[in-house]
Amino acid sequence: MKNPLLLALFLVGTIALPDISSRGTQELTNDGLTGASQAILSFLDQRLAVVYPVIQRFKSLITLDPYNVTKTWIGSDICSYRGFHCDNPPDNTTAVTVASIDFNGFQLSAPSIEGFIDQFPDLALFHVNSNNFGGTVPSKIVNLRYLYELDISNNRFTGQFPTAVVGMSGLTFLDIRFNSFSGSIPPQILGQNLEVLFINDNGFTASLPEIPGDGTSTTHIIFLTFANNKFNGPLPRSILRSMSTLTEVLFLNNDFTGCIPHEIGFLTGASVIDIGGNKLTGPLPLSLMCLEKVEQLNFAGNLLFGAVPEAVCMLLRDNLVNLSLSNNYFTHVGPWCRGLLDRGVLDVSNNCIPFFPGQRSMQECAEFFVKPKKYYCPHMWFHNFFSCRYSHVSSSSASAFMPMVAPSP
């Protein structure tokens, strides 16, 4: 070039252009990305820019993505990523942030969610039902001040109960069922401000703890499931006494022992109570007559005996859809209960009721009743105790509904 000015401009341009490209790549690399980029990404809000590298790092850990979900996790428009949902955070109504993550049914596989869920400071909902995430629940989720729904059900999580959720005052929904958690559960979780607590189908052992306090506190739990674990010991009286708001409670398929506490009558809001498949013994408490909203009652597969309380059959007959007492050792059914039998509501198959079809053999019943001390309930008078709107019925009158007959020989 003959013109010195043009030559100088050309040299400046060839030197400056690589510097711009280098700065752009370095900034992305500092954010935790791999590979080169042609330009710096532009985000709608700084809060989105902060979580972008978190998402990309988690993406690199995913080993299986059958629905190609992560193929949408490209570029700066995080709010359009499949499974991520944006909203305005409570502390700044003009800002935009990731408010919820919903991976339900994506069947993604990753060894851990550590460094992922706990890096979204504005997260309110985290739903990852039916994936293949493993490891333990990060303890740092306690810092997620807006989180009120946590659903990690049907995954491969292990370890102890995720104690980080204890004390999270905003949490109202906790679902950790169908995983491999083990050990015991902290008593504080039962007194927490939860509406839904699903911990069924894990490997929890030990006895259920009593709710801390003086026994007069109440909780707000509506749905509670302990089913299909290895819990043992008695049913905690404080749980039954303080959970009048329960709509459904499932204790089935554990190793609970002892007698059914009369406090079960305090579950006045429950429509479903399932305590089948345990080792509970003794007679049914009369306080069951207080369950005026109950539709499904399952006590099948225990060691219960005595007469099926006529008062229960009479007072609950209008709402009951199913009363399952099969595979126990009951010995008598009165006229009100026979009415439920005729309607297909009551199931007393495989018991010890004389002259009824489908009962245990005489030998099997005799072997059970020759060991009365093994199945004896202390404080038997509690089984005639109830406190509800039917309290005008005296215990002596109520006992008239429970004819005492000898067990099958």
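Positions are given from 1 along the sequence.
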Peer 1: Checking Asn327 against Asn350: is there a side-chain donor and acceptor pair closer than 3.5 Å?
Peer 2: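 There is such a pair (donor and acceptor under 3.5 Å, judged by atom type) between the side chains of Asn350 and Asn327.
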
Peer 1: Consider side chain to side chain contact (heavy atoms under 4.5 Å, CB included). Of Val321, Ile273, Asp274, which one does Gln296 pass it with?
Peer 2: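 In the set Val321, Ile273, Asp274, the residue that makes a side chain to side chain contact (heavy atoms under 4.5 Å, CB included) with Gln296 is Val321.
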
Peer 1: Given Cys313, which of Leu320, Leu340, Val333 fulfils the side chain to side chain contact (heavy atoms under 4.5 Å, CB included) condition?
Peer 2: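 When side chain to side chain contact (heavy atoms under 4.5 Å, CB included) is applied between Cys313 and each of Leu320, Leu340, Val333, only Leu340 qualifies.
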
Peer 1: Are side-chain N/O atoms of Asp151 and Ser153 paired as donor and acceptor at under 3.5 Å?
Peer 2: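 Indeed, the side chains of Asp151 and Ser153 share at least one donor-acceptor pair under 3.5 Å.
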
Peer 1: So, does Ser109 use its side chain to make a donor-acceptor pair with the main chain of Thr63 at under 3.5 Å?
Peer 2: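 Side chain of Ser109 to backbone of Thr63: no pair is present.
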
Peer 1: Show me, pair by pair, the donor-acceptor contacts under 3.5 angstrom made by side chains of residues 182-195, not counting sequence neighbours?
Peer 2:
{"unit_1": "Gln192", "atom_1": "OE1", "unit_2": "Gly167", "atom_2": "N", "d": "3.1"}
{"unit_1": "Gln192", "atom_1": "NE2", "unit_2": "Val165", "atom_2": "O", "d": "3.0"}
{"unit_1": "Gln192", "atom_1": "NE2", "unit_2": "Met168", "atom_2": "O", "d": "3.3"}

Peer 1: Is a side-chain donor or acceptor of Asn328 paired with a backbone partner of Asn351 at a separation under 3.5 angstrom?
Peer 2: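 No; judged by distance alone, with no hydrogens or angles, the pair does not exist.
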
Peer 1: Testing Asn200, Asn228, Asp201, Asn278 one by one against Asn253 for a side-chain hydrogen bond (donor to acceptor under 3.5 Å, both in side chains), which residue passes?
Peer 2: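 For Asn253, the side-chain hydrogen bond (donor to acceptor under 3.5 Å, both in side chains) check succeeds only for Asn228.
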
Peer 1: Is a side-chain N or O of Gln359 found less than 3.5 angstrom from the main chain of Cys352, in a donor-acceptor match?
Peer 2: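 A pair under 3.5 Å: yes.
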
Peer 1: Heavy atoms only: give me the nearest Asn155-Ile152 pair and the separation to one decimal.
Peer 2: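 Taking every non-hydrogen atom into account, ND2-O, 3.1 Å.
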
Peer 1: Just so I know, are the side chains of Phe106 and Ile62 near enough to count as touching, which here means a heavy-atom distance under 4.5 Å?
Peer 2: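 They are not in side-chain contact.
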
Peer 1: Just so I know, are the side chains of Lys59 and Ile74 near enough to count as touching, which here means a heavy-atom distance under 4.5 Å?
Peer 2: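 In contact.
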
Peer 1: Which pairs count as ring pair (Phe, Tyr, Trp, His ring centres under 6.0 Å) when at least one residue sits in residues 133-170, sequence neighbours excluded?
Peer 2: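 Output for this query lists Phe58-Phe133.
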
Peer 1: Please determine whether side chain to side chain contact (heavy atoms under 4.5 Å, CB included) holds for the pair Ile176 and Val137, giving the CA-CA distance in whole Å, both sets of side-chain angles, and the decisive distance to 0.1 Å.
Peer 2: CA-CA 10 Å; Ile176 62 172; Val137 178; over 6 Å; no

Peer 1: Does any N or O in the side chain of Asn302 come within less than 3.5 Å of the main-chain N or O of Ile275, such that one atom is a donor and the other an acceptor?
Peer 2: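 Yes; judged by distance alone, with no hydrogens or angles, the pair exists.
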
Peer 1: Can you tell if the side chain of Asn92 reaches within under 4.5 Å of the side chain of Arg47, non-hydrogen atoms only?
Peer 2: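 Sidechains of Arg47 and Asn92: in contact.
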
Peer 1: Verify the distance criterion only: is there a donor paired with an acceptor across the side chains of Asn232 and Asp255 at less than 3.5 Å?
Peer 2: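 Note: Asn232 and Asp255 side chains miss the donor-acceptor criterion.
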
Peer 1: Do any N or O atoms from the side chain of Arg57 and from the backbone of Gly115 form a donor-acceptor pair under 3.5 angstrom?
Peer 2: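 Not a single qualifying donor-acceptor pair exists.
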
Peer 1: Can you measure from SG (Cys337) to CG (Leu346) and round to the nearest 0.5 angstrom?
Peer 2: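 Answer rounded to 0.5 Å: 6.0 Å.
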
Peer 1: Between Pro261, Cys259, Ser207, which is the residue that forms a side chain to side chain contact (heavy atoms under 4.5 Å, CB included) with Leu235?
Peer 2: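 Only match with Leu235 under side chain to side chain contact (heavy atoms under 4.5 Å, CB included): Pro261.
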
Peer 1: What heavy-atom pair brings Trp336 and Glu310 nearest, and what distance separates the two atoms?
Peer 2: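 That closest heavy-atom pairing would be N-OE2, 2.8 Å.
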
Peer 1: Are side-chain heavy atoms of Val294 and Leu288 found at a separation under 4.5 Å?
Peer 2: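 A side-chain contact is absent here, since even the closest heavy-atom pair is not under 4.5 Å.
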
Peer 1: Show your working on side chain to side chain donor-acceptor pair (under 3.5 Å) between Asn322 and Ser324 and close with a plain yes or no.
Peer 2: CA-CA 6 Å; Asn322 178 53; Ser324 183; 5.1 Å; no

Peer 1: For Phe256, does its backbone N or O pair with a side-chain atom of Asn254 as donor and acceptor, under 3.5 Å?
Peer 2: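 Not confirmed, Asn254 side chain does not pair with Phe256 backbone.
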
Peer 1: Checking the side chain of Glu248 only, and the main-chain atoms of Val272 only, is there a donor and an acceptor separated by less than 3.5 Å?
Peer 2: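 Not at all, since once roles are kept as given, no pair shorter than 3.5 Å links the two residues.
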
Peer 1: Before giving the answer on side chain to side chain contact (heavy atoms under 4.5 Å, CB included), spell out for Ser180 and Arg156 the whole-Å C-alpha distance, their side-chain angles and the decisive distance to 0.1 Å.
Peer 2: CA-CA 6 Å; Ser180 297; Arg156 296 183 292 107; over 6 Å; no

Peer 1: Could you go through the side chain to side chain contact (heavy atoms under 4.5 Å, CB included) check for Phe120 and Val54 one step at a time?
Peer 2: CA-CA 9 Å; Phe120 290 83; Val54 174; 3.9 Å; yes

Peer 1: Could you give the distance from OG (Ser238) to CD1 (Ile211), rounded to the nearest 0.5 Å?
Peer 2: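 Going from the OG atom of Ser238 to the CD1 atom of Ile211 covers 4.5 Å.
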
Peer 1: Which heavy-atom pair separates Val96 from Pro89 by the least distance, and what is that distance?
Peer 2: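 Looking at all heavy atoms of both residues, the shortest contact is N-CD, 4.4 Å.
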
Peer 1: At their closest point, which heavy atom of Ser287 faces which heavy atom of Ile264, and how far apart are they?
Peer 2: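 The pair with the smallest heavy-atom distance is OG-CG2, 3.7 Å.
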
Peer 1: Are any non-hydrogen side-chain atoms of Leu304 and Ile260 less than 4.5 angstrom apart?
Peer 2: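 Answer yes - side chains close enough.
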
Peer 1: Quick one: does any side-chain atom of Asn131 pair with a main-chain N or O of Leu108 as donor and acceptor, under 3.5 Å?
Peer 2: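 Here the side-chain-to-backbone pair exists.
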
Peer 1: Between the side chain of Glu263 and the main-chain N/O of Arg241, is any donor-acceptor distance below 3.5 Å?
Peer 2: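 Checked: no pair found.
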
Peer 1: Working to the nearest 0.5 angstrom, can you tell me the gap between Phe226 CZ and Arg177 CZ?
Peer 2: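 Atom-to-atom, Phe226:CZ and Arg177:CZ are 14.0 Å apart.
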
Peer 1: Could you tell me the separation between the OG atom of Ser100 and the CG atom of Asp122, rounded to the nearest 0.5 Å?
Peer 2: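 Ser100 atom OG to Asp122 atom CG measures 12.0 Å (nearest 0.5 Å).
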
Peer 1: Specify whether Tyr81 and Trp73 have parallel, tilted or perpendicular ring planes, treating 30° as the upper limit for parallel and 60° as the lower limit for perpendicular.
Peer 2: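 Ring orientation, 0 to 90° scale: parallel.
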
Peer 1: With side chains defined as the heavy atoms from C-beta onward, is the minimum distance between Pro138 and Ile113 less than 4.5 Å?
Peer 2: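 Pro138 reaches Ile113 side chain to side chain.
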
Peer 1: Let me confirm one number: the OG1-CG distance from Thr281 to Leu303, rounded to the nearest 0.5 Å.
Peer 2: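 Thr281 OG1 to Leu303 CG: 5.5 Å, rounded to 0.5 Å.
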
Peer 1: Does Leu144 reach the side chain of Phe126, with side-chain heavy atoms less than 4.5 Å apart?
Peer 2: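 Leu144 does not reach Phe126 side chain to side chain.
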
Peer 1: Check step by step if side chain to side chain contact (heavy atoms under 4.5 Å, CB included) holds for Cys79 and Leu48.
Peer 2: CA-CA 9 Å; Cys79 300; Leu48 299 176; 4.0 Å; yes

Peer 1: Would you mind reporting whether Ile222 and Val196 have side-chain heavy atoms less than 4.5 Å apart?
Peer 2: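 No, side chains not in contact.
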
Peer 1: How close do Asp118 and Ile141 get, heavy atom to heavy atom, and via which atoms?
Peer 2: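 That closest heavy-atom pairing would be CB-N, 4.2 Å.
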
Peer 1: For Asn88 and Thr93, test the side chains for any donor-to-acceptor distance below 3.5 angstrom and give the result as yes or no.
Peer 2: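 No, no side-chain donor-acceptor contact under 3.5 Å.
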
Peer 1: Work out which heavy atom in Ile239 is nearest to a heavy atom in Met243; give both atom names and the distance.
Peer 2: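 So the two residues come closest at O-CG, 3.1 Å.
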
Peer 1: Could you please spell out the steps behind the salt bridge (Lys or Arg N to Asp or Glu O under 4.0 Å) verdict for Asp65 and Arg82?
Peer 2: CA-CA 12 Å; Asp65 180 10; Arg82 190 175 174 191; over 6 Å; no

Peer 1: Report yes or no: is the cationic atom of Arg360 (NZ for Lys, CZ for Arg) under 6.0 Å from the centre of the six-membered ring of Phe368, at an angle within 45° of the ring normal?
Peer 2: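 Negative - Arg360 is either too far from the ring of Phe368 or too far off its axis.
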
Peer 1: Can you check whether Phe231's main-chain N or O pairs, donor with acceptor, with Asn229's side chain at less than 3.5 Å?
Peer 2: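 Side chain of Asn229 to backbone of Phe231, a donor-acceptor pair under 3.5 Å: no, none is there.
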
Peer 1: Going from OG1 on Thr97 to CD on Gln46, what distance comes out if it is rounded to the nearest 0.5 angstrom?
Peer 2: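 With rounding to 0.5 Å, OG1 (Thr97) is 11.0 Å from CD (Gln46).
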
Peer 1: Parallel, tilted or perpendicular: which fits the ring planes of Phe116 and Phe84, with parallel below 30° and perpendicular above 60°?
Peer 2: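 Aromatic pair Phe116/Phe84 classed perpendicular.
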
